[in-house]
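Worksheet: one structure, shown below.
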Amino acid sequence: MTIKEFREKVAESSHHEWLQDLSLKLNYKNFPEPKVLKGITDIYRFFLNQKKEWERTPEKLHGS
């Protein structure tokens, strides 16, 4: 699902405000400081990008 499609689904939701108020704080060792994502669309975008980047890595780096 594209970001645009996802955003449209969120806008149609009866829980639109609640979804936009969600936040997520990520602490990764390679981040200089925690990454804060605000709203379900930003959260979705972050994980969608992570998935795309993971798929670009060589298979041998995925581990077992």
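No experiment lies behind these values; they were computed from the predicted model shown.
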Run the side-chain donor-acceptor check on residues 9-32: report pairs under 3.5 Å with partners two or more places apart or on a different chain.
from: S13; atom 1: OG; to: H15; atom 2: N; distance (Å): 2.9
from: H16; atom 1: ND1; to: V10; atom 2: O; distance (Å): 3.4

Just jot down the side chain to side chain contact (heavy atoms under 4.5 Å, CB included) partners of Q50, sequence neighbours excluded, or say none.
F46
Non-hydrogen atoms of E55 and K51 that approach each other most closely
OE2-NZ, 2.6 Å
Which residues pass the side chain to side chain donor-acceptor pair (under 3.5 Å) test with E53, sequence neighbours left out?
R56
Please determine whether residues W54 and I43 belong to a single hydrophobic cluster, defined as Ile, Leu, Val, Met, Phe, Trp and Tyr linked transitively by side-chain heavy-atom distances below 4.5 Å.
no
Considering residues at least two apart in sequence or located in another chain, which fulfil the salt bridge (charged side-chain N to carboxylate O under 4.0 Å, His left out) criterion with K4?
none
Only counting residues at least two apart or in another chain, list the ones meeting side chain to side chain donor-acceptor pair (under 3.5 Å) with D42.
R45
Run the side chain to side chain contact (heavy atoms under 4.5 Å, CB included) test against L48 and tell me which residues pass, sequence neighbours left out.
I3, Y44, K52
